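What follows is a single structure, written as structure tokens, with notes after it.
A quick note: this is a predicted structure, and the numbers were derived from the prediction, not measured. Numbers here are sequence positions counted from 1. Indexing begins at 1, ligand by ligand and atom by atom, following the structure's order. These values consider heavy atoms only, across backbone and side chains, with no hydrogens, waters or symmetry-generated copies.
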Amino acid sequence: MKEFVFLLLLLTEGSCRTRSSWCELGCECRGDLKFTICSRALLTQLPSRVAPGTELLDLSDNYISVIPKSSFSKNRKLRVLLLQNNNISVVEEGGFSQLEFLLKLDLSWNQISTLNEGFSVGLTSLRELQLSHNRLTSLDTLIFTHLDGLQRLNLTSNAIQTIQVRSFSSMSTLRQLHLEDNRLSSLKSGIFSMLRSLEVLNLAGNQIREMEITVFKPLVSLTLLNLANNHLSTLSFKTFQSIHTYSTHILLERNPWNCECDLQRLFRKLRTIQRLFLDDYYNLTCEAPPVLQDYRLMDVDSELCIAETVTVLIITVTVVITVLAAMLMGERKRKKKKKKQHWTQQGELSDESDY
Ligand SMILES: *[C@@H]1O[C@H](CO)[C@@H](O)[C@H](O)[C@H]1NC(C)=O
Ligand SMILES: *[C@@H]1O[C@H](CO)[C@@H](O)[C@H](O)[C@H]1NC(C)=O
Ligand SMILES: *[C@@H]1O[C@H](CO)[C@@H](O)[C@H](O)[C@H]1NC(C)=O
């Protein structure tokens, strides 16, 4: 039995060899060697034998940890390169530099904590870059410099805290930017400048508590802005007013809203802007003030503001009455004084006439 299995193995390998000496052991090569599938092949480094004509190379679910310099110099025809679910922590400068026809690169579920400018050298055709589930903590200005044809960038579930101004500045064709589940706490003006084709900006699941008022202004194609599940307690009207698009849907639920009257007034104003759609307005709940915790904003707002209006009204009326009263009193006093003066004057006169 054992011998039989051994023989079978030899035979299969033999047939593989005869079919092509280009197919690495553990890989499967199909379609005239255009597809090389090496998923779950226990690889710890990039395979050395990949047919030069390969257009799709699937290396997912292996243990590869380094992408050395000029790794794919013999595979210039690659269009799709799948490296998700490996152990990659190092991408050497120019690691993908020969892949000028590559359209999709999947590096998700790896251990990448830093990427330098050299990482994107040569990837001039790249349309889609998957980098979710890595360990990136910041995006530096030059990191995506060479990706000027990119349309979709997925940075979901990293640990990104800072985005430098102009990090995305070469990406005037980018349509989708996924930054959900990171650690962003504030959005500075300029970080999204040049993203004039961006349609989807997903920032859900961060710790955003403040946004500079012009941060979304450059996004003239924006159709969906997801800010759900952040740390926003209030908003500035101008932040959203500055979005000049044809129509944009905005998601804001699961934020700790401070449902004071100001916030209600703000939302009332926002909802009058025709081009903005606050799709989950009816789901917004309050965290503060304490008495309103867990109430829906839309349920409490009118009462709250009626109460406030009534208070304001009472104060106003009181003030007016006080002022009026004071004026009246003043007037009376003045009149009394005048009368007194009159009398005393008359008295003086009569005194004089006595002489
Ligand atoms: C992953 O890579 C690290 C070095 O970056 C190495 O120490 C570790 O053994 C690798 N793990 C596996 C499962 O290959
Ligand atoms: C982004 O990555 C996440 C996690 O890998 C995945 O679930 C999601 O579908 C991706 N989104 C896009 C638009 O590629
Ligand atoms: C509001 O919340 C409910 C329950 O969590 C959910 O099913 C619904 O899709 C949400 N609506 C919007 C517009 O997000």
One finds that the ligand 2 atoms under 4.0 Å from a non-hydrogen atom of Gln176 are 13 (C)
Taking only non-hydrogen atoms of Arg152 and a 4.0 Å limit, the atoms of ligand 2 in range are 13 (C), 14 (O)
Is_contact(atom 9 (O) of ligand 2), protein non-hydrogen, under 4.0 Å: no
Result for side chain to side chain donor-acceptor pair (under 3.5 Å) between Glu212 and one of Ser189, Ser236, Ser186 points to Ser189
Ligand 1 to Asn87, heavy atom cutoff 4.0 Å, flagged ligand atoms 1 (C), 2 (O), 3 (C), 8 (C), 10 (C), 11 (N), 12 (C), 14 (O)
Closest non-hydrogen contact found for Ser233 with Trp257 is O-CE3, 3.4 Å
By side-chain contact (heavy atoms from CB on, under 4.5 Å), Gln164 pairs with (sequence neighbours left out) Asp140, Thr141, Ser167
Q. Can you find an N or O of Gln130 that's nearer than 3.5 Å to an N or O of ligand 2?
A. yes
Looking only at heavy atoms, the pair that brings Val220 and Arg196 closest together is CG2-O, 3.6 Å
Taking only non-hydrogen atoms of Ser132 and a 4.0 Å limit, the atoms of ligand 2 in range are 2 (O), 4 (C), 5 (O)
Nearest non-hydrogen contact to atom 11 (N) of ligand 2 from the set Asn154, Leu153, Asp106 belongs to Asn154
Self-check item: Heavy-atom protein contact below 4.0 Å for atom 14 (O) of ligand 1
Solution: yes
Distance-only donor-acceptor check, side chains Asn158 and Asn182, under 3.5 Å: no
In ligand 2, the atoms that come under 4.0 Å of a heavy atom of His133 are 4 (C), 5 (O)
Just distance, no hydrogens or angles: give the donor-acceptor pairs under 3.5 Å from side chains in residues 320-333, sequence neighbours left out.
unit_1 : atom_1 : unit_2 : atom_2 : d
Thr322 : OG1    : Thr318 : O      : 2.5
Glu331 : OE1    : Arg334 : NH2    : 3.0
Glu331 : OE2    : Arg334 : NH2    : 3.3

Taking only non-hydrogen atoms of His178 and a 4.0 Å limit, the atoms of ligand 2 in range are 13 (C)
The atoms of ligand 1 lying under 4.0 Å from a heavy atom of Tyr63, numbered in the order shown, are 13 (C), 14 (O)
_Check whether Ser125 reaches the backbone of Glu100 with its side chain - one donor and one acceptor, N or O, closer than 3.5 Å._
yes
Review point. Would a 4.0 Å cut-off, counted as strictly less than, catch a protein heavy atom around atom 4 (C) of ligand 1?
Key: no
Ignoring angles and geometry beyond distance, decide whether Ser108 reaches within less than 3.5 Å of ligand 2 through its nitrogen or oxygen atoms.
no
Quick check on Gln293: does its CD atom have over 12 non-hydrogen neighbours (other residues, nucleotides or ligands) under 6.0 Å away? yes
Ligand 1 atoms nearer than 4.0 angstrom to some heavy atom of Ser89 are 5 (O)
Strictly below 4.0 Å, N to O, side chains only: are Lys104 and Glu128 in salt-bridge contact? yes
